[in-house]
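Input: a single structure, listed below in structure tokens.
Starting from 1, each residue takes its place in the sequence as its number.
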Amino acid sequence: MLIHSTPRADGFSMPAEFTPHAETWMLWPQRPDNWRLGGKPAQEAFTAIASAIAQFEPVTVGVNHGQYMNARQMLPPEIRVIEISNNDAWMRDSGPTFVSDGKSVRGVDWVFNAWGGLYNGLYFPWDLDEAVAQKVLEIERVPRYKAPLVLEGGSIHVDGEGTCITTAECLLSPGRNPALLQAEIENLLKEYLGVEKVLWIPRGVYNDETTDHVDNLACYLRPAEIALTWTDDRSDLQYERSAEAFEFLRSQTDARGRALTVHKIPQPGPLYITAEEAAGVEVVDGTQPRRAGDRMAGSYVNFYFCNGGAIVPTFGVEQDAPALALLQGLLPERRVVGIPAREVLLGGGNIHCITQQQPR
């Protein structure tokens with residue numbers, strides 16, 4: 001059911017990801033021009049991630065028709081597998097953003113154009129992805145708002161208490177909403193997320209092909225408390241970006257007037273695509289290339305909260321164990337679970353990018 005108003009007007013807002021979920025939504029990877037070796041290694045990684053989340057809450061995975069039996073065989077029986085046509089597996093970005101008034105749930109269906117449309121998008125076409133949010137909401141019989149804004153779920157984080165963080169580099173990029181001023185975009189965020197204040201971090205993680213999604217750089221651990229991707233290496237191309245974000249966040253207050261506590265989470269790597277990994281990806285015109293030696297936008301902050309847990313990407317590097325220990329110390333009320341996710345990173349994102357929470 002399409003609702004011709006806005007969440008804010010109806011008393012709805014986006015809950016924080018760390019609040020209770022009804023379930024998690026994912027999509028299934030398969031396209032050979034993004035996932036190496038026909039998607040098989042990525043499918044194993046997605047299976048491990050979905051299985052880890054399923055220890056904490058229900059999981060639904062949407063798959064294209066031709067992959068249904070393969071996904072059903074690979075995924076544990078407790079995970080629901082349904083057919084949802086899609087162009088690629090980024091449920092965070094093509095799926096709906098759920099909002100709540102504390103008694104019921106509705107969904108926001110943003111405009112999706114593959115992270116930049118014909119200007120700098122990552123693939124064409126994206127018509128199947130554009131329909132994913134509506135399909136999820138109809139499956140769940142959840143009323144739908146259609147937002148007049150190109151936006152992906154990975155470009156926003158909220159604290160559930162009136163504040164949204166995003167990056168100016170992403171939401172102000174020419175491939176998304178070139179006809180809108182920053183103030184106009186901010187007003188739409190307030191209307192459709194039900195927030196009162198938007199904090200515009202200047203930039204995100206270096207070489208992030210989403211044009212700097214905030215979920216790769218920073219996230220809320222709880223209200224007024226943020227985890228930030230960090231490096232102490234001043235010669236690293238990420239240093240200036242993280243230092244800039246740190247100083248910006250430390251200078252801000254949230255919608256309730258609180259100063260922000262910012263925790264530095266050291267980045268993995270830097271991580272680079274190997275020649276073997278690049279060779280396994282088909283080359284297709286109009287699709288983001290995967291070249292040997294390209295730096296990947298690896299981040300431990302790209303983790304996913306679920307009920308009682310936090311599912312964190314690991315990369316087979318020495319920084320993995322300290323990062324998991326640091327996050328466990330910051331989240332003592334949860335069980336922090338590390339899952340090997342280099343195969344997801346090779347496709348351009350990570351665990352937060354392939355998941356979408358439906359609040360309770």
Side-chain angles (χ1 to χ4, degrees), residues 1-3 5-27 49-50 52-62 79-80 82 84 90-110 132-147 151-166 189-196 214-215 219-225 254-256 302-311 331 333-335 351-360:
M1 178 179 72
L2 182 62
I3 303 175
S5 60
T6 69
R8 187 179 190 180
D10 297 337
F12 283 73
S13 61
M14 180 183 177
E17 186 179 311
F18 48 73
T19 56
H21 300 176
E23 67 177 300
T24 294
W25 288 83
M26 298 176 65
L27 293 169
I49 292 163
I53 297 169
Q55 299 176 65
F56 299 93
E57 63 190 63
V59 178
T60 297
V61 178
I79 292 176
R80 179 170 66 160
I82 59 178
I84 299 180
W90 307 104
M91 181 61 92
R92 174 66 51 181
D93 293 345
S94 61
T97 295
F98 289 93
V99 293
S100 172
D101 65 353
K103 297 173 289 187
S104 61
V105 171
R106 297 177 179 177
V108 178
D109 180 0
W110 310 98
V132 165
Q134 181 174 351
K135 291 179 179 180
V136 168
L137 296 174
E138 293 200 0
I139 288 167
E140 291 296 294
R141 300 185 185 276
V142 170
R144 176 174 67 102
Y145 297 98
K146 182 59 182 176
L151 182 140
E152 309 89 34
S155 68
I156 53 171
H157 268 305
V158 299
D159 67 353
E161 296 186 355
T163 311
C164 170
I165 57 173
T166 188
L189 292 176
K190 291 177 178 178
E191 285 296 320
Y192 284 89
L193 298 176
V195 297
E196 301 158 30
V214 76
D215 70 347
C219 71
Y220 278 103
L221 299 176
R222 53 189 62 86
E225 200 165 339
D254 65 16
R256 298 197 177 186
N302 201 302
F303 69 84
Y304 179 64
F305 281 112
C306 46
N307 294 338
I311 312 302
L331 300 168
E333 73 281 8
R334 296 177 181 271
R335 180 156 60 94
I351 291 176
H352 193 261
C353 307
I354 64 172
T355 51
Q356 181 62 266
Q357 70 276 5
Q358 180 174 336
R360 225 179 256 169

Side chains of [X] and [Y] in contact at under 4.5 Å (non-hydrogen atoms):
{"X": "Thr60", "Y": "Ile139", "result": "no"}
{"X": "Asp215", "Y": "Cys353", "result": "yes"}
{"X": "Leu331", "Y": "Phe305", "result": "yes"}
{"X": "Phe12", "Y": "Ser104", "result": "yes"}
{"X": "Thr355", "Y": "Trp90", "result": "no"}
{"X": "Glu140", "Y": "Trp25", "result": "yes"}
{"X": "Arg92", "Y": "Glu152", "result": "no"}
{"X": "Phe303", "Y": "Ile311", "result": "no"}

For the [atom1] atom of [X] and the [atom2] atom of [Y], what is their distance to the nearest 0.5 Å?
{"X": "Ile165", "Y": "Asp159", "atom1": "CD1", "atom2": "CG", "answer": "9.0 Å"}
{"X": "Met26", "Y": "Tyr304", "atom1": "CE", "atom2": "OH", "answer": "9.5 Å"}
{"X": "Thr166", "Y": "Ile156", "atom1": "OG1", "atom2": "CD1", "answer": "7.5 Å"}
{"X": "Asp254", "Y": "Cys164", "atom1": "CG", "atom2": "SG", "answer": "12.5 Å"}
{"X": "Glu23", "Y": "Ile79", "atom1": "CD", "atom2": "CD1", "answer": "11.5 Å"}
{"X": "Leu2", "Y": "Gln134", "atom1": "CG", "atom2": "CD", "answer": "8.0 Å"}

Do any N or O atoms from the side chain of Gln357 and from the backbone of Thr24 form a donor-acceptor pair under 3.5 angstrom?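 Checked: no pair found.
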Under a 3.5 Å distance rule, please check whether Lys146 uses its side chain to pair with a backbone N or O of Val108 as donor and acceptor.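 Absent.
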List the steps, then state whether side chain to side chain contact (heavy atoms under 4.5 Å, CB included) holds for Leu193 with Val99. CA-CA 7 Å; Leu193 298 176; Val99 293; 5.5 Å; no
Residue pair [X] / [Y], side-chain donor-acceptor N/O under 3.5 Å:
{"X": "Glu196", "Y": "Thr163", "value": "no"}
{"X": "His21", "Y": "Glu57", "value": "yes"}
{"X": "Asn302", "Y": "His352", "value": "no"}
{"X": "Arg106", "Y": "Tyr145", "value": "yes"}

In sequence, state the C-alpha distance, the side-chain angles, and the governing distance for Tyr220 and Val158, and then conclude on side chain to side chain contact (heavy atoms under 4.5 Å, CB included). CA-CA 7 Å; Tyr220 278 103; Val158 299; 5.7 Å; no
Audit row: Glu138, Lys135, salt bridge (charged side-chain N to carboxylate O under 4.0 Å, His left out) steps and yes/no: CA-CA 5 Å; Glu138 293 200 0; Lys135 291 179 179 180; over 6 Å; no
Identify the two heavy atoms, one from [X] and one from [Y], that lie closest to each other, and give their separation to 0.1 Å.
{"X": "Thr6", "Y": "Glu191", "result": "OG1-OE1, 2.7 Å"}
{"X": "Val105", "Y": "Pro143", "result": "O-CD, 3.8 Å"}
{"X": "Asn307", "Y": "Arg360", "result": "ND2-NH2, 3.3 Å"}
{"X": "Asp101", "Y": "Gly11", "result": "CB-O, 3.4 Å"}
{"X": "Phe56", "Y": "Cys306", "result": "CD1-SG, 3.6 Å"}
{"X": "Ala133", "Y": "Asp109", "result": "CB-OD1, 3.5 Å"}

Step by step, work out the side chain to side chain contact (heavy atoms under 4.5 Å, CB included) result for Leu27 and Ile354. CA-CA 7 Å; Leu27 293 169; Ile354 64 172; over 6 Å; no
Can you check side chain to side chain contact (heavy atoms under 4.5 Å, CB included) on Met91 and Val132, steps first, answer last? CA-CA 8 Å; Met91 181 61 92; Val132 165; 3.9 Å; yes
Indicate, with yes or no, if the rings of His157 and Phe18 have centres closer together than 6.0 Å.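 No, ring centres 6.0 Å or more apart.
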